[in-house]
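The model shown is predicted, which means the values in this text are computed figures rather than measured ones.
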Amino acid sequence: MEEQEIQDMRRQKGDLSWLKVFTGGLLLYIFGVFALAATRNTNIFPTVVMLGNFLVPITYVAFFYQRRHLSKLDMPTTAWAFFYGGLLGVLAAATLEPIFLSQHKLFFSFEVGLIEEFAKILGVLVIAKRCFHDSEMDGLILGAASGMGFAALESTGYAFTAFLASGGSLTQTVLITLFRGVIAPIGHGTWTAILVSVMFRESGPRIFHTNYKVIGAYLTVAILHGLWNGMPEVLSIFSISTVNVVTGQMLVAAAGFFLLWRRYEEAKSLQIERLEKGIPQADCWK
C-alpha cells in the first residue's frame with residue numbers, strides 16, 4: 001500500500017469533523033427552540049423543526065463518509081443519495097403502503113419493513129445506475145445516506161403531526177424531535193447501509209445482480225425493521241410482558257449495529273485486497 005494512501009486512511013480515521021457538525025447543529029437547534037419559545041414567531045418554526053430532525057441523520061452520514069478509506073466516492077454524490085433516498089423513499093412508501101398493508105397488527109409491522117426497505121434503495125439505484133458499483137464501501141456509505149435521508153423526512157413528518165395533534169404545543173414537537181433523533185442511528189440508516197453494501201459487493205461494475213445473498217440481506221433488514229416496530233405484538237405471541245419491549249428493541253438495535261460493523265470491516269478488507277491486486281477503486285462518481 002502506498003504511503004500516501006496510508007496517511008489518507010489515518011487522517012480519515014482521526015477526523016472529528018462529524019462531531020463538529022453535530023455540536024454546531026445542536027447549539028443552533030437549542031438557540032432556535034429558545035428563540036421560537038420567546039418570540040412565538042411561526043415563520044421560524046419550519047426551520048427549527050427541520051434543523052432538529054436533519055441534525056442526527058447528517059451527522060451519521062458524515063461519520064461514515066469520513067471513514068471511507070480508499071473509496072473515491074465524493075460528497076456531492078453522497079448528498080444526492082441523501083436527497084433521492086429520502087424523497088423517493090418517502091413518496092414510494094407513502095404510495096405502496098396503503099395498497100399492500102394488511103390490518104393484522106403483527107403482519108403490519110413486517111409489511112412496513114418490506115416496503116420501506118425496498119423504497120429506500122430507489123435513490124441509490126438512481127445514483128449508481130450509470131456508474132461503477134462494485135465497491136462494498138461505496139454501497140455502505142450511499143446506503144447510509146439514502147436511509148438517513150428517509151429518516152430525516154419521516155421524522156420531520158412526525159414532528160409536524162405532533163404539533164398539529166397537540167394543538168400547537170412546542171413542547172410536544174421538541175420531545176418527538178429529540179426522541180426521533182436518539183433512535184435515528186438505530187434504524188433506517190443502519191438497515192439500508194447493510195443492504196446496499198451487500199448489493200454493491202455482489203454486483204458488477206455497471207449491473208446490479210440480485211442473488212440469494214442480496215435477497216437474504218433484504219429479508220434480514222426487513223425483519224429487523226419489523227421487529228423494531230412490532231415488538232409489542234411479537235412479545236405477546238410468547239406471553240412475554242410488554243415491559244420487556246425496550247429490552248427487545250435494544251437487542252434488535254444491537255443486531256443491526258453488529259451486522260453493520262461486519263459489513264464495514266469486510267468493506268475495508270476488500271478495499272485493501274483490491275489495492276494489492278491492482279484493481280482501481282471506482283472513480284466515476286465525480
Side-chain angles (χ1 to χ4, degrees), residues 9 12-13 18 57 60-75 77-82 84-86 89 113-114 116-129 131-151 184-225 252-275 279 281-285:
M9 291 174 64
Q12 290 175 17
K13 186 176 181 180
W18 65 271
Y60 184 94
V61 176
F63 177 85
F64 281 105
Y65 181 78
Q66 290 164 5
R67 283 156 180 76
R68 64 194 182 280
H69 294 273
L70 302 176
S71 171
K72 295 183 179 180
L73 185 66
D74 62 347
M75 178 54 73
T77 304
T78 306
W80 277 116
F82 188 94
Y84 278 123
L114 289 169
E116 292 190 355
E117 294 310 319
F118 166 76
K120 287 184 292 178
I121 67 173
L122 296 178
V124 178
L125 296 179
V126 170
I127 293 294
K129 65 179 181 179
C131 197
F132 287 90
H133 42 72
D134 55 356
S135 168
E136 186 172 1
M137 184 64 76
D138 291 353
L140 189 148
I141 296 170
L142 291 177
S146 181
M148 278 306 191
F150 184 96
I186 295 172
H188 292 301
T190 295
W191 299 327
T192 312
I194 294 169
L195 174 56
V196 180
S197 65
V198 175
M199 287 175 56
F200 273 50
R201 186 193 66 195
E202 298 299 315
S203 296
R206 296 181 186 271
I207 301 175
F208 281 109
H209 298 300
T210 303
N211 57 21
Y212 73 94
K213 294 181 180 179
V214 175
I215 294 173
Y218 169 64
L219 293 176
T220 298
V221 297
I223 290 172
L224 289 175
H225 193 149
V252 172
F257 284 138
F258 174 74
L259 292 175
L260 179 61
W261 173 76
R262 288 285 301 273
R263 298 280 67 78
Y264 181 73
E265 291 297 317
E266 181 182 71
K268 289 195 298 183
S269 298
L270 289 177
Q271 283 184 315
I272 296 173
E273 182 180 328
R274 287 168 65 104
L275 182 65
I279 303 174
Q281 297 290 328
D283 59 357
C284 61
W285 296 113

Which atoms form the tightest heavy-atom contact between [X] and [Y], and what is the distance?
X      : Y      : value
Gly256 : Thr190 : O-CG2, 3.5 Å
Leu260 : Ala193 : CD1-CB, 3.7 Å
Phe82  : Pro57  : CE1-CB, 4.0 Å
Glu117 : Leu195 : O-CD2, 3.9 Å
Ala128 : Phe208 : CB-CZ, 3.9 Å
Ala81  : Ala145 : CB-CB, 4.0 Å

**Request:** Start with the C-alpha gap between Thr192 and Leu142, add the side-chain angles, then the distance that decides, and say whether side chain to side chain contact (heavy atoms under 4.5 Å, CB included) holds.
**Result:** CA-CA 9 Å; Thr192 312; Leu142 291 177; over 6 Å; no
**Message:** Out of the candidates Val198, Ile194, Val196, only one should pair with Val221 under the side chain to side chain contact (heavy atoms under 4.5 Å, CB included) rule; please name it.
**Reply:**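 In the set Val198, Ile194, Val196, the residue that makes a side chain to side chain contact (heavy atoms under 4.5 Å, CB included) with Val221 is Ile194.
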If you define the side chain from C-beta out and look only at heavy atoms, does anything of [X] sit under 4.5 Å from [Y]?
X      : Y      : result
Val126 : Trp80  : no
Val61  : Trp18  : no
Tyr84  : Ile127 : yes
Met148 : Phe64  : no
Leu270 : Met137 : no
His188 : His225 : yes

I'd like to know if the side chain of [X] pairs up with that of [Y] as donor and acceptor (distance under 3.5 Å, no hydrogens or angles considered).
X      : Y      : result
His69  : Tyr264 : yes
Tyr65  : Ser71  : no
Glu202 : His209 : no
Lys120 : Ser146 : no

**Request:** Output, in order, the C-alpha distance, side-chain angles, deciding distance and verdict of side chain to side chain contact (heavy atoms under 4.5 Å, CB included) for Leu259 and Trp191.
**Result:** CA-CA 9 Å; Leu259 292 175; Trp191 299 327; over 6 Å; no
Which value, rounded to the nearest 0.5 Å, describes the distance between [X] atom [atom1] and [Y] atom [atom2]?
X      : Y      : atom1 : atom2 : result
Lys213 : Met199 : NZ    : CE    : 15.5 Å
Leu140 : Leu73  : CG    : CG    : 10.5 Å
Ser269 : Glu136 : OG    : CD    : 9.0 Å
Asp138 : Phe200 : CG    : CZ    : 6.5 Å
Thr77  : Met75  : OG1   : CE    : 10.0 Å

**Prompt:** Would the number of heavy atoms belonging to other residues, nucleotides or ligands and lying under 6.0 Å from CZ of Phe118 be above 12?
**Reply:**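 Atom CZ in Phe118 is not crowded, with 12 or fewer foreign heavy atoms closer than 6.0 Å.
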**Item:** Lys/Arg N to Asp/Glu carboxylate O, Glu266 vs Arg201, below 4.0 Å
**Value:**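 Salt bridge present between Glu266 and Arg201.
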